[in-house]
Amino acid sequence: MNDLKEKNILQLAQSYARFGPRAMFGQFMLDIAKSNEKLMVLSADLGRSSGLDRFKKEYPEKYLSVGISEQNLIGVSAGLAKEGYKVFVTSFAPFLSMRAIEHVRMNLGYMELPVNLVALGSGISMGFLGNSHYGLEDISIIRSIPNINISSPADGLELKKILNDYAFNDRGPSYIRLTGIPGSPYTYEKDYKYKFNSHVKLKNGKDLLILATGSVVSQALMASKLLVKEKIECSVINLNTLKPLDKNINKLINLFKNVVTVEEHSIIGGLSSIISEIISKNKLNPKLLSIALPDSFDKTGSYNYLLDHHGLSGKKIANRILKFLQN
């Protein structure tokens, strides 16, 4: 890759981060629509919040809002998928993963219809809208349903790759978890080859393994850089696919005495639980530190304040790891 292309990728990464995941979702759907005649994008009265204003003006025949009725949203999308359309559905994370869950279970999990659920505001990115809009438990709920993929992009560049992969390949039903806000740090400064169900190694280190997912991957990277000053070298892995999980992860875990998971999800049922299950099933022996959201309803506030409050900022992650290693 030449320097000019690398420079352009960096500029794109910065631009995507500035606009945030929801706005970029709408832009990426515009790009996909140009080359996918069978694309349909559905919303439950959240077209503007989904960054789809321009999309529905340019491609009104490819856009459908069913109103504030998420259960019906899944039923309509399943019918379109059965007729051969490539369907993307968008709403806030708790509404897709809880309000419509019976329909997700039966129409997507059981019937295996290839609908792509794009969950807005997962984690705590909805800020002042509070716990009713936080996606605290969505991974745990969705991953309990058979046949549904779960993807969690680290930044806008990865979101684009994931959406394109689902749009032009037959992956079956999926759940794409969008975390972060406009201005959240980006992870990738250079392009990379995305592969479904394969982890991405972002940094090499022999002392500690950090497994992270979603927009807090960038915070995990920040933490690893701070830990270098303490003479601790970390390997940082981005798990952009949580289900099915890369089968090589158990081998990677087995290389380290200390493993840390970082996620913007409840401590129950998310990445921490997934890795704990792998350790138990394969009888591995690392010490595990789980950095996640608590099993509780907590404060509202700005996104960056909440990350720091829950120990998910780069500095707080580094401090937690230091205490973990000292003990």
Side-chain angles (χ1 to χ4, degrees), residues 21-122 135 138 141-143 145-153 159-178 196 241 243-244:
R22 283 195 270 166
M24 293 318 304
F25 164 68
Q27 180 59 50
F28 297 148
M29 285 294 101
L30 271 172
D31 296 340
I32 290 169
K34 294 173 185 177
S35 51
N36 194 325
E37 294 182 358
K38 298 293 285 185
L39 177 69
M40 283 295 297
V41 181
L42 280 70
S43 168
D45 201 36
L46 288 175
R48 186 174 182 182
S49 296
S50 306
L52 293 169
D53 268 359
R54 186 178 164 197
F55 181 91
K56 63 184 181 181
K57 289 176 183 176
E58 292 196 23
Y59 295 99
E61 75 284 1
K62 295 179 183 293
Y63 175 79
L64 180 63
S65 176
V66 302
I68 307 174
S69 53
E70 289 80 4
Q71 295 171 337
N72 187 44
L73 176 71
I74 302 303
V76 173
S77 67
L80 287 167
K82 196 168 181 63
E83 290 300 313
Y85 288 93
K86 182 64 69 171
V87 185
F88 285 81
V89 169
T90 180
S91 187
F92 291 132
F95 305 160
L96 286 179
S97 65
M98 288 185 277
R99 185 175 295 170
I101 193 60
E102 181 184 356
H103 299 260
V104 171
R105 178 177 181 266
M106 296 307 298
N107 291 334
L108 307 191
Y110 181 60
M111 297 180 70
E112 298 186 58
L113 292 170
V115 174
N116 303 289
L117 306 176
V118 181
L120 308 176
S122 288
D138 52 334
I141 295 167
I142 296 295
R143 82 179 184 98
I145 299 173
N147 303 319
I148 301 183
N149 307 310
I150 302 177
S151 294
S152 183
L159 171 61
K160 182 176 184 179
K161 292 176 181 292
I162 288 172
L163 291 174
N164 277 315
D165 183 75
Y166 281 123
F168 296 103
N169 292 287
D170 184 13
R171 300 291 185 205
S174 68
Y175 184 85
I176 304 167
R177 190 174 194 258
L178 303 191
F196 177 74
T241 308
K243 186 182 180 182

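Treat the numbers as computed from the prediction; the structure is a model and nothing was measured.
- More than 12 heavy atoms of other residues, nucleotides or ligands shown are found within 6.0 angstrom of OH on Tyr63.
- Contact detail for Arg99 and Gln71: the closest heavy-atom pair is O-NE2, 3.1 Å.
- Considering only heavy atoms from C-beta on, Pro244 comes within 4.5 Å of Phe196 through its side chain.
- Counting heavy atoms from C-beta on, the side chains of Gln27 and Arg54 come closer than 4.5 Å.
- Using a distance-only test at 3.5 Å, with no hydrogens or angles considered, a donor-acceptor pair links the side chain of Lys62 to the main chain of Glu37.
- Applying the side chain to side chain contact (heavy atoms under 4.5 Å, CB included) test between Met40 and each of Val89, Leu80, Val115 identifies Leu80 as the sole match.
- Scanning all heavy atoms of the two residues, the minimum distance from Gly109 to Ile145 falls at CA-CG2, 3.9 Å.
- Within 6.0 Å of CD in Glu61 there are more than 12 heavy atoms belonging to other residues, nucleotides or ligands.
- Other residues, nucleotides and ligands place no more than 12 heavy atoms under 6.0 Å from the NZ atom of Lys82.
- With Phe88 as the partner, the side chain to side chain contact (heavy atoms under 4.5 Å, CB included) test is satisfied by one option alone out of Leu117, Leu42, Leu163: Leu163.
- Heavy-atom neighbours of Phe168 CZ from other residues, nucleotides or ligands within 6.0 Å: above the threshold of 12.
- Without hydrogens or angle criteria, Lys86 side chain to Asn169 main chain gives a donor-acceptor distance under 3.5 Å.
- Note that CG of Asn107 and CD of Glu102 are 9.0 Å apart. Values are rounded to the nearest 0.5 Å.
- Counting non-hydrogen atoms of neighbouring residues, nucleotides and ligands closer than 6.0 angstrom, the CZ atom of Arg143 exceeds 12 such neighbours.
- The minimum heavy-atom distance linking Phe25 with Leu159 is given by the pair N-CD2, 4.2 Å.
- Shown here for Asp138 and Ala93, the closest heavy-atom pair between the two residues is OD2-CB, 3.8 Å.
- Atom OH of Tyr166 is separated from atom CD1 of Ile32 by 12.5 Å, given to the nearest 0.5 angstrom.
- Minimum heavy-atom separation, Glu70 to Ala100: O-CB, 3.7 Å.
- You'll find the side chain of Leu178 reaches within 4.5 Å of the side chain of Pro153, heavy atoms only.
- Relative orientation of the Phe92 and Phe95 rings is perpendicular, given thresholds of 30° and 60° on the angle between their planes.
- One distance of note links CD1 of Ile148 with CZ of Arg105; it measures 10.5 Å at 0.5 Å rounding.
- Proximity of Leu73 to Leu96: side-chain heavy atoms (C-beta onward) are separated by under 4.5 Å at one or more points.
- Counting all heavy atoms, side chain and backbone alike, Asp45 lies closest to Ser65 at N-OG, 3.2 Å.
- Contact annotation: the side chain of Ser43 never approaches that of Phe55 to less than 4.5 Å [non-hydrogen atoms, C-beta and beyond].
- Here the OG1 atom belonging to Thr90 is positioned 11.5 Å from the CG atom belonging to Asn116, to the nearest 0.5 angstrom.
- How far OG of Ser35 is from CG of Asn164: 7.5 Å, rounded to the nearest 0.5 Å.
- Residues Thr241 and Asn149 fail the side-chain proximity criterion, which asks for heavy atoms closer than 4.5 Å.
- Between atom CD1 of residue Ile101 and atom CE of residue Met98 there is a gap of 9.0 Å, rounded to the nearest 0.5 Å.
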